[in-house]
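Note sheet for the following structure.
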Amino acid sequence: MTNDTVLGKDSAPQVSEDQLEHFSYDDKIVRMFLTAMLVWGIVAFLVGLIVAIELFLPSLKESLLNGVLASILPAVFSDMFVNLIDKFFSIEYLTFARLRPLHTNAAIFAFAGNAIFAAVYYSTQRLCKARMWSDKLSKMHFWGWQLIIVSAALTLPLGITQSKEYAELEWPIDIAIAVVWLGIFGGNFMMTVLKRRERHMYVSIWFYIATIVTVALLHVFNNLVVPSGFLKSYPIYAGVQDAFMQWWYGHNAVAFFLTTPFLGLMYYFLPKAADRPVFSYRLSIIHFWSLVFIYIWAGPHHLHYTALPDWASSLGMLFSLMLWMPSWGGMINGLLTLRGAWHKVLSDPVLKFFVVAITFYGMSTFEGPLLSIKSVNALSHYTDWTIAHVHAGALGWNGFMAFGMLYWLAPRIFQAKLWSQKMANAHFWMATIGILLYVLSIYVAGLTQGLMWRAIDDNGQLQYADFIVTIDSIIPMYYVRALGGGLFLVGALACAFNYFMTWKNRPAKYDEPTYAAAPLKKVYEGKEATAEARLEGVADMAKAIDKFNQFKWHRRWERLPVRFTIFVVISVVVASLFEIIPTFLIRSNVPTIASVKPYTPLELAGRDVYIAEGCYNCHSQMIRPIFAEELRYGEYSKPGEFVYDHPHQWGSRRIGPDLAREGVTRPSAVWHYRHFLNPPDTSPRSVMPPYPWLFEKELAWSSIKTRVWAMRALGVPYSDEEYANARELAEEQAKDVVAKLVADAPSLARKAKDLEKTEGIALIAYLQRLGTDITKEVDEDAADVKDTANEVASDKEAKPEVGG
Amino acid sequence: MFKDVLNSLGDYTIFAEIALVIFFIVFVAVGIKVMINPRKDMDHMADLPNEHDDGPVGEEMRDELEQKEKEKGKDHDAQ
């Protein structure tokens, strides 16, 4: 097959047949990534279903024993199910808080990640009319990425985590990600683009370039840490700054991992599937530059009404609202590409998936800016509304684009017709109904939560003061959500079967067609290579402006990948620095509080247990200055309270109550002890699982000193004495905690010695400390300390304000 | 040094205004640029994914679809 389409273009010089270069495409790597996408997708959906069920386990058990299910099922089955549930979910590695990060990482980096790579490898080679620069690097990329995913699947349930959402993986894995992503994948991709035979870089390539460079930047800067062991580290940022960096990363992970590469995918595979050119290439250019420029600013909208400076969150809101324009421009461009091909949508499952995906893209990108508006965010933040929004994007946009691409690619890469169109159509309907059930029920749940949390009665008191009432009311919605998620999973299993059967029908040996195209000259000779001023008899400046106005510069960018990449990096970096520099370097943004002191060595170790158990997945530590919130949890959180929090634990969701003032509201050790052993003992109808292993597992005492060392390296002002005697101080405090525990519950006296050594005691010490610092008197000696991380900024801040 | 410079900036809300101005300039520039680009070039670029480069089964499926489209067109004309 010759690539004669290139030869006739004005921009490509005419060449004779003997000057053509012959080449083929590496589709094996596409088959590998597409298969991995499907396998990991099923894992991600399955784990998602498990964590969805965990949220209504107590209700499910009750139903099996005494409720509706008990009346339907024979008693023997009900008992068997309850026993199975108890056994399965009492495994410490399978708690909601440990599995949820596994679910999100599997969905984002394994399912969506492998989908991106399959799309990039298929489309880049064809758009560049060049085989990938190195097949070996492609393979190394595949196996390296799968190894990273397996490492995540092993470490997250083990509680090895940085506790930063979507960036939970510990530092050795982070280094591997940077090497595989930028060094291997990025290098191979850029070299392929550099040696391409198509002069123009199609818009999909632009989106891929933006993805590669921006994800690398985000990943590296959000994961700067000081290790305190092989699989343990502390971020260099603390409190407000850590939260800012995390959501700069978190939001842009959505933008540059789940949006830009999928838009590249859309701009390539949608015209392919519809057999129509893109509706408006002009619009796609505006879409690209607007997204790249605007998206990077929007992160702080995740931190409205928190201790983040107001100017930063307002800026995030403003840019989020501006995102409406390019996002909807892109959606309209996608849908209008189907002009004249809508009749195909009725019969072609690929187009069905694409149309629904683009519709979900439009819905999600409408809802995102809506949620960024401060007054809406005050209601929606920490509720399931955010979860509904995320899943509309992840399942609807990313999931449907990925499955649409899979159904389009499968016959081409396996060189066999799709085994069953009917099954593909059935998958489409199962997935569509599944998403709708999921998303609609969780919208209802989120709104219900938000409204109940803020409901005030006629006496000015909370109408639903008991937090569990707000959970009780949404349990039916959790059942519907699990049903929707289950349907989505069944659909994916049907897809896997269809995919497998198509693979079975492949030829004994794949045909590898050869294509031909002329090589590009190193110096571009097309008519747009230079722009000449069309004006005579005017000043040089006017000539320069005229040349600029001819906009040859953009055509040149589009053809020069290195320069194009540099401009993308500049757009992203400049935007980031405008927000990051003031947040980090202007002291008044994070006023310190004199009475706030570093955690004791035992509290620090307890905090690490809190992180390992993933408590942040259900509990926030951030009381917003909202009346109902202060009534429920106490005084609102101040930026200065978090200056030693490496990493911050603000959380993004409240399946359980906020814990920012836990030490003030629940100082009793015995309450926590009973709560961890069996949460309903202290909080009837709680959906929190029991954590008996906390009082069986010994704390890693030998590493306490190293943890303090790492904190000192980060500027946390531990004295030499505290560092030298870290372990002894921790052991002493553990004895005190247990002594108070025994005083309240004398029956524990016989196992006091064992309890002193456990993780649970350290965790209780940490919880007892939470939120108590601002109630303490200022230590005058400490206030004299200069040039340290806890420098006293102002006397005013030492006496916190009261009220909202 | 940077800290001192930044701490003396005073009203740093100017950062937000600078950001908006930069965005506005870039947005307008790109907007004008795409309007000026020749239509022929744009059409060529928009159709780049539709090269015949999807392997034997891909091309066979494309031919089948084109055949169906033609037949539909004929039926439509006949009616």
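Protein chains get the first letters and strands the later ones, always in sequence-line order, with residue 1 at the start of each. Values in this document were obtained by computation on a predicted structure and should not be read as measured data. Any value given below was found using the heavy atoms of this structure, including those in side chains, with hydrogens, waters and symmetry copies removed.
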Quick one: of B/D43, B/L65, B/V57, who has the most non-hydrogen atom pairs under 4.5 Å with chain A?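 Heavy-atom pair counts peak at B/V57.
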What part of [X] gets closer than 4.5 Å to chain B, counting heavy atoms only: side chain, backbone, both or neither?
X	value
A/I413	neither
A/Y122	side chain
A/I286	both
A/F293	side chain
A/Y510	neither

Taking every non-hydrogen atom, the tightest pair across B/E51 and B/R62: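 Scanning both residues, the minimum pair turns out to be O-NH2, 3.1 Å.
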Shortest non-hydrogen contact from A/T337 toward A/P277: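 Smallest heavy-atom distance, with atoms named: CG2-O, 3.5 Å.
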Identify which of A/D275, A/L127, A/L270, A/V203 forms the greatest number of heavy-atom pairs closer than 4.5 Å to chain B.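 Result: the option with the highest number of such pairs is A/D275.
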Partner chain B: residue of A/H343, A/R126, A/E512, A/Q125 with the largest heavy-atom pair count (under 4.5 Å):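 When all of A/H343, A/R126, A/E512, A/Q125 are compared, A/R126 has the most.
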Carboxylate-amine/guanidinium contact B/D53 A/R412, below 4.0 Å: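 A/R412 and B/D53: not salt-bridged.
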Taking the six-membered ring for Trp and the full ring for Phe, Tyr or His, determine whether the centres of A/Y267 and A/Y202 are under 6.0 Å apart.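 No; A/Y202 has its ring centre 6.0 Å or more from that of A/Y267.
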Just wondering, more than 12 heavy atoms not from A/R339 lying within 6.0 Å of its CZ?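 Yes, CZ of A/R339 has more than 12 neighbouring heavy atoms, counting only those of other groups under 6.0 Å.
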Around atom NZ of A/K28, are there more than 12 heavy atoms of other residues, nucleotides or ligands at under 6.0 Å?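 No, the 6.0 Å shell around NZ holds no more than 12 heavy atoms from other groups.
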